[in-house]
There are 2 protein chains.
Amino acid sequence: MQYYAVFAKYNLVLFNFDFMLKEERKQFILNEVRIHSRVLLTDLASLLKVSVDTVRRDIKELDKENKLKKVHGGAVSLGFDYYHIPSHQVYSIEKKAAIAEKAIHLLKDGQVILLSGGTTNLELAKRLPHKLHLTCFTPSLSIAIQLLSKKNVEVIFIGGRVSKDSQITVGGSAINMLSEIKVDLCFLGTNSIHPRDGLTEFDWEIVQLKKAMIHSSKKIISPSISEKLGSLQRYKICGPEEIDILITELEPWDSKLEPFKNLNIQLL
Amino acid sequence: MQYYAVFAKYNLVLFNFDFMLKEERKQFILNEVRIHSRVLLTDLASLLKVSVDTVRRDIKELDKENKLKKVHGGAVSLGFDYYHIPSHQVYSIEKKAAIAEKAIHLLKDGQVILLSGGTTNLELAKRLPHKLHLTCFTPSLSIAIQLLSKKNVEVIFIGGRVSKDSQITVGGSAINMLSEIKVDLCFLGTNSIHPRDGLTEFDWEIVQLKKAMIHSSKKIISPSISEKLGSLQRYKICGPEEIDILITELEPWDSKLEPFKNLNIQLL
DNA sequence: GCAAAAACAGCATAATACTGCACTTTTCAG
DNA sequence: CTGAAAAGTGCAGTATTATGCTGTTTTTGC
């Protein structure tokens, strides 16, 4: 439930209502989905103080209205990274948390970093130690908001047109801004990583943005849950040689990582 | 007991009449919906001292007139599809809601507008009708997120360093981006407005940003609750002559607005 | 495969919505 | 001013919806 801690103040107010209309509940659910990209039925039920069945019915309707995608155990936002990924990945929170913890060890006081969108990076943003001094560039609204609560992190938002699907800025203006910076590290969340073809994406605009991010960074770190290893999408972001560090939830010697050895990529 | 609870929750102004005409009732209902975004049939019935059936019929008509949306158990405002950000912790939420409603009437399809931060503008963002086609520039994270739920609104975020206090971007990069645009309208939320000294702020960086916003817009609209009228802060943003329209929750002929007449400012 | 979690189906209950009708008030032509 | 038509309101009975609960089936992770 730490998950909701940041927004606890909002939820509190919400419950000043004695009754909540169904419509309000649905709106609240959509809100949660938009902010967190994923929600669990059980969390929603306890937040809204209704039974899981009711939440399930609400989500079923919202799904039918094409406002979100219902998955086993919860719901995910439309068009986000999850869109075309098997639903079991919704449960990968623990894996992502493990990745985030490893990633934190790469950070040092005073560094300037770049965080792409995606839930793994969101997890990283949440878990940044409060005492760490950083300057973070990001094109993701949810990550920016998350980072605002870190006292010693300077947040610089990459402006431009905001894509409704992915909730990150895309387009020329963002790429332009990226062209003016050179950061120490870039945590490049990705949909697919392949030992031969490197990073790939299905959204053309996001590909352009990520390419620009790569050019703006001295070092590229790819946090990726093991399910994504070896998968491929339509458009190429960069070859495997561009990636400096690959972080998964696995141990570095795990056999699933075999294809990524001897590629001059550091495995964590 | 219950009566007083309800009384406290809604602000009832029209009880001078023993007896209310249907039109007055409908007007009252609309007002409640406008302020609270949602109402319950049962609450309205006890407030208006009529049967639930009557309220139901009223709401049915209002729904048919497209003034609100009827839902099981009550009604919600048409622009209800927004993130539920706490209304109680926001100061003077009802006045700000009234201002936002007036502001919406200034908007036309196809316009390009600039929204500064602040809760009044957040309220405006929430209440934008879904069918309105707009391009919105904003340096505020919460407003950007709010706007993402509006299907026909293109959101362009003004990037740069994000101020932790105000949760908006400030600094050179933001000002730079502003220098490249010229929008139709700018809704410039403000801390203080004075008939002689115009708009003032206490935060130097925000002053710089707002100055840039003024230069980037053909028309400046200042939404301001009446408490702020006549107040002053340390730094000046602009003189009163720069303001085109002043929107308050008051009627335009209210005596509190007297000092702002004859300044070539349109009062709404 | 197994155990746990989640989804589903069906049922019971309470709240809300609708319908028709009787009664009151308003409107308005003559 | 008057009376009839029209509009407005409340009520009772019925229909529909919303919700939680129980027991069963399916999915999931190991």
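All heavy atoms count here, side chains included; hydrogens, waters and symmetry mates do not. By convention in this document, chain letters (A, B, ...) are assigned in the order of the sequence lines, proteins followed by strands, and residues within each chain are numbered from 1.
A residue-by-residue look at B:Val55 and A:Val52 shows that B:Val55 has its nearest nucleotide of DNA chain D further toward the 5' end.
One end of the helix from C:dG1-D:dC30 to C:dG30-D:dC1 points its axis 50° away from the other end's axis, with each axis taken from 5 pairs and the angle rounded to 10°.
Atom pair A:Leu41:CG and D:dG20:C1' shows a separation of 15 Å (rounding to whole Å applied). Remark: C1' of C:dC18 and CG of B:Asp63 are 15 Å apart, rounded to the nearest angstrom. For B:Glu23 and C:dT27, the CD to P distance is 13 Å, given to the nearest whole Å. Atom C1' of nucleotide D:dT9 and atom CD of B:Glu24 are separated by 16 Å, given to the nearest angstrom. Distance, A:Arg56 CZ to C:dC8 P: 7 Å, rounded to whole Å. Nucleotide D:dT9 holds its P atom 11 Å from the CG atom of B:Leu48, rounded to whole Å. Separating the CG atom of B:Leu40 from the P atom of C:dA17 is a distance of 10 Å, rounded to the nearest angstrom. Atom pair A:Glu249:CD and D:dG29:P shows a separation of 13 Å (rounding to whole Å applied).
Sorted by first and then second residue, the ring-ring contact (aromatic ring centres under 6.0 Å, His included) pairs involving residues 249-268 of chain A (not counting sequence neighbours) form an empty list. Sequence neighbours left out, the pairs with a member in residues 256-268 of chain A that pass salt bridge (Lys or Arg N to Asp or Glu O under 4.0 Å) are A:Glu258-A:Lys261.
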For a quick check, with a 4.0 angstrom heavy-atom cut-off, what is the B/S/- contact string for nucleotides 13-19 of chain D, read 5' to 3'? ----SSB

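Partners of A:Glu241 according to the side chain to side chain donor-acceptor pair (under 3.5 Å) rule, which considers only residues two or more places apart in sequence or in another chain, do not exist here. Residues meeting the salt bridge (charged side-chain N to carboxylate O under 4.0 Å, His left out) test with A:Lys60, sequence neighbours left out: none. A search for side chain to side chain contact (heavy atoms under 4.5 Å, CB included) contacts involving A:Glu65 returns A:Lys26, A:Glu61, A:Leu62, A:Lys67, not counting sequence neighbours. Listed by chain and residue number, B:Glu123, B:Leu124, B:Arg127 satisfy the side chain to side chain contact (heavy atoms under 4.5 Å, CB included) test with B:Ala100 (two or more places apart in sequence, or in another chain). Listed by chain and number, the residues in a side chain to side chain donor-acceptor pair (under 3.5 Å) with A:Lys102 amount to none (sequence neighbours excluded).
Here the OH atom belonging to A:Tyr235 is positioned 12.0 Å from the OG1 atom belonging to A:Thr200, to the nearest 0.5 angstrom.
Remark: A:Lys49 is not in phosphate contact with D:dG20, judged by side-chain N or O atoms under 4.0 Å from OP1 or OP2.
More than 12 heavy atoms of other residues, nucleotides or ligands shown are found within 6.0 angstrom of NZ on A:Lys150.
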